[in-house]
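Encoded as structure tokens, the structure appears first; notes follow it.
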Amino acid sequence: MVTIAIYHCSIQIISRSDGRSAVAAAAYRSGTNLVNEWSGRPANYDRKKGIAYSEIMLPDNAPASFSDRQTLWNSVEMNEKRADAQLAREIEVALPRELPLEEHKKIIHAYCQQFVDAGMCVDFSIHDKHDGNPHCHIMLTMRALDENGKWLPKSHQEFELDERGERIRLPNGRWKSRKVDTVDWNSHENAERWRASWAETVNRFLEANHAPERIDHRSNAERGLEELPTIHMGVAACAMEKKGIPTERGDINRKIRAANRIIREIRNRINDLKEWLSELSSKLEKFAEESRSPLLSELLWQHIEQESQRIQKYSQHFQLLHTVEIGNDMMETLRKLNAKDIYTLADLENALTGLREKVEASRSVVKGKERRMKELKKLIDTGRQYLRTDLIRKERNGIRFKKKREEFEESHHADLVLWQAANKFFHAKEVNMATLPDIIKAWQAELATLTAEHDAEYEKLKQYRKEVKDLDTVHRQAEKAMTPEQSQHKAKGRELS
């Protein structure tokens, strides 16, 4: 039997605008000491634990010196002049726990060969702390190399032409042009292909090693699961959660996972009950001649009569107690059914259909709230980042002497880059920065309201789960009202399934 294992393949860009460095990222992932020649800052991570293996893979036209990690990533840093330069692409993948390190190396080699063939330099590090979470960080260069191993431009300008094939002059006298990427590595289609390729590569090795697990790169919606997606935790939140410190993002994800579990349980129960109703209706031949749906009370009374016949060989005292017990259970079941106007098998099927519609409606509401909660968390976090780094920016602007100002900028480079990124983010959203503290409070209030509404929907789901459990009780009791032959057939069917 094939089982679906956990799939994880995330793709991100390491950019200066986020205060990050390709050299520092490479040092951290490989557990080495490197120096960023662009900023002059060291990155010392030789004490980092859990580095199982690291390697650099190069295309044929790359300089041999790039096999040295410091040379490779400093070459990248020095060729990027902009403060918001995109330095590297990182792909993080979860490795199958069922396979050993030597197989992990083979998997990564097979997967990364496509990047080398495309002309990228690859620097990968396998991390394994033996905590059940082996994974690999794959860093990729973003510029192509020419035949002599020199970095090529990421893009070039191309003149746009009119219907006559002539260049178009703008009102300012310049020619209309557009930026064209030198390579297509940033395309969305490539990202989707890389994600699919990871699943294919891992599954090939799992099959070769006779492991029953498989992974699937498709989303829940594409696979027909339609579970609510969790939100991205981020490095800081993950670190806090590992230490046992709850975070807002962690709390949101726990609620989403709990809702998913309930929705999954309700759906499975409803599907089982629908299938049972279909089978039961075809087997109850005594009602086939009557133009009506069987009464549930009739089926339940049959169950009591069958039980009375079955226990005749026991003492009268036991017969009395057992009959009273199952009679009370049946009356409680009928009371719940009557309260919901459920009297026949057709009524039960309609109730299941209505319950399924309620669950799907609740799921849609929760999904919408989760999407907005995710947006609010990003806005709030970026707002806090802006307010914190804006104090540093103002302090820098207040320094009159050039040398002291440059020294301040050097020591606070990362914070100033973060301020720039947050400022750009909010200007794109046309947020009034003068009132940002009040706006953040409004976002926090909206998040608190959404969280409370999410909790209310969760309580609804728990009530729906209770209702479907009650209907499942009817299923169990009514099933026993079938003839012994039918009951035996049903039991054998379960054993086969």
Side-chain angles (χ1 to χ4, degrees), residues 8-48 50-51 54 56 66 68-93 115 120-125 127 135-143 151 154 185-186 191 194 232-240 249 377-378 381-390 392-393 396 408-426 428:
H8 174 73
C9 178
S10 65
I11 304 174
Q12 64 166 324
I13 299 297
I14 296 174
S15 174
R16 280 199 188 124
S17 62
D18 296 326
R20 305 180 69 189
S21 155
V23 172
Y28 180 82
R29 282 143 186 75
S30 61
T32 56
N33 293 342
L34 304 177
V35 176
N36 186 344
E37 296 172 6
W38 186 81
S39 65
R41 294 180 179 178
N44 301 326
Y45 294 104
D46 59 342
R47 294 185 180 181
K48 181 174 174 58
I51 312 297
S54 294
I56 291 175
F66 280 6
D68 174 70
R69 187 166 282 110
Q70 172 144 318
T71 301
L72 169 62
W73 293 112
N74 269 304
S75 178
V76 168
E77 292 274 2
M78 297 302 286
N79 274 275
E80 300 293 349
K81 309 301 181 184
R82 294 170 59 94
D84 60 349
Q86 293 185 340
L87 304 169
R89 177 177 287 105
E90 181 184 31
I91 301 178
E92 182 183 328
V93 293
F115 306 122
M120 304 179 211
C121 300
V122 178
D123 182 2
F124 72 84
S125 296
H127 292 188
H135 59 280
C136 184
H137 296 270
I138 303 168
M139 289 181 61
L140 309 171
T141 52
M142 300 188 67
R143 286 178 182 264
W151 296 114
K154 289 181 178 176
W185 300 344
N186 288 328
W194 296 339
H232 178 65
M233 288 288 290
V235 177
C238 283
M240 293 176 67
R249 290 176 180 269
K377 277 303 302 173
K378 181 173 178 59
D381 292 346
T382 307
R384 289 170 177 168
Q385 173 183 297
Y386 177 90
L387 294 177
R388 179 183 66 81
T389 56
D390 193 45
I392 297 172
R393 180 191 67 87
R396 179 204 61 182
F408 185 90
E409 288 178 344
E410 177 63 24
S411 61
H412 295 83
H413 173 76
D415 287 326
L416 292 173
V417 171
L418 287 174
W419 176 87
Q420 185 181 32
N423 187 56
K424 183 178 179 180
F425 174 81
F426 284 125

Flag the pair [X] and [Y] as a salt bridge only when some basic side-chain nitrogen lies within less than 4.0 angstrom of an acidic carboxylate oxygen.
X	Y	answer
Glu92	Arg29	no
Arg396	Glu409	yes
Arg393	Asp415	no

Roughly how far apart are [X] [atom1] and [Y] [atom2], rounded to 0.5 Å?
X	Y	atom1	atom2	answer
Phe124	Ile138	CZ	CD1	8.0 Å
Thr141	Leu72	OG1	CG	7.0 Å
Tyr28	His127	OH	NE2	7.5 Å
Gln420	Phe425	CD	CZ	15.0 Å
Asn36	Trp73	CG	CH2	12.5 Å
Asn33	Asp46	CG	CG	4.0 Å

Would the distance check show the side chain of [X] and the main-chain N or O of [Y] forming a donor-acceptor pair, the cut-off being under 3.5 Å?
X	Y	value
Arg16	Glu77	yes
Asp390	Tyr386	no
Ser75	Thr71	no
Lys154	Gln86	yes

Are any of the side-chain heavy atoms of [X] and [Y] separated by less than 4.5 Å?
X	Y	answer
Thr389	Leu416	no
Thr32	Arg69	yes
Val76	Met142	no
Ile91	Cys9	yes
Ile392	Phe408	yes
Leu140	Val122	yes

Work out which heavy atom in [X] is nearest to a heavy atom in [Y]; give both atom names and the distance.
X	Y	value
Gln385	Ala422	NE2-CB, 3.7 Å
Ser21	Ala24	OG-N, 3.2 Å
Ala88	Met139	CB-CE, 4.2 Å
Asp84	Arg82	OD1-NE, 2.9 Å
Arg41	Ser411	NH2-C, 4.3 Å
Ala26	Asp123	CB-OD2, 3.9 Å

Are Arg89 and Trp194 in a cation-pi contact, defined as NZ or CZ under 6.0 Å from the six-membered ring centre and within 45° of the axis? no

Looking only at the side chains, is there a donor atom on one of Gln12 and Arg20 sitting less than 3.5 Å from an acceptor on the other?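 Yes, Arg20 and Gln12 have a side-chain donor paired with an acceptor closer than 3.5 Å.
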
Hydrogens and angles aside, do Ser30 and Ser54 bring a side-chain donor and acceptor to less than 3.5 Å of each other?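 Judged by distance alone, the side chains do not pair up.
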
Mind checking whether His137 and His135 have parallel, tilted or perpendicular rings, split at 30° and 60°? perpendicular

Ring centres under 6.0 Å, that's the criterion: do Phe426 and Trp419 meet it? no

